[in-house]
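Index from 1, following the sequence.
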Amino acid sequence: MQYIVSYDDPAGDRKTILDLIAAGLTHIVLSLRSPYPPQVAQWLVDEIITPVREAQRALKSDTNP
């Protein structure tokens, strides 16, 4: 699935992505709209990818004691 990330609401994007994962999606393509702000790839990692991965790890460790 392709998901278009909003530069203005990374918290909302994280929630939506986690909801998609909870619904069973295993392949989510994150798309960014142009014009691209400076350092957008690092922003995506810092604001979306890393927090979502950490949230997923926390959920897995909570359900698998």
Heavy-atom nearest pair, R14 first then E47, reads NH1-O, 2.7 Å
Short question: side chain of T50, backbone of D46 - any donor-acceptor pair under 3.5 Å? no
From NZ (K15) to CG (L20), nearest 0.5 Å: 10.0 Å
If you measure from CG on L18 to CD on Q56, what distance do you get to the nearest 0.5 Å? 5.5 Å
Output, in order, the C-alpha distance, side-chain angles, deciding distance and verdict of side-chain contact (heavy atoms from CB on, under 4.5 Å) for I21 and V52. CA-CA 10 Å; I21 293 168; V52 167; 3.9 Å; yes
For the atom pair CD1 (I4) and OG1 (T16), what is the distance rounded to the nearest 0.5 Å? 12.5 Å
Assess whether side-chain contact (heavy atoms from CB on, under 4.5 Å) is satisfied between Y3 and V29, documenting all intermediate values. CA-CA 6 Å; Y3 181 81; V29 176; over 6 Å; no
Is it possible for you to say whether L25 and I49 belong to one hydrophobic cluster, with membership spreading through side-chain heavy-atom contacts below 4.5 Å? yes
Taken to the nearest 0.5 Å, the spacing of E54 CD from L59 CG works out to 12.0 Å
Sorted by first residue and then second, give each ring pair (Phe, Tyr, Trp, His ring centres under 6.0 Å) pair with at least one member in residues 18-48; sequence neighbours left out. Y7-W43
Atom CG in L30, atom CD in Q2: separation rounded to 0.5 Å? 9.5 Å
For V5, does its backbone N or O pair with a side-chain atom of D13 as donor and acceptor, under 3.5 Å? no
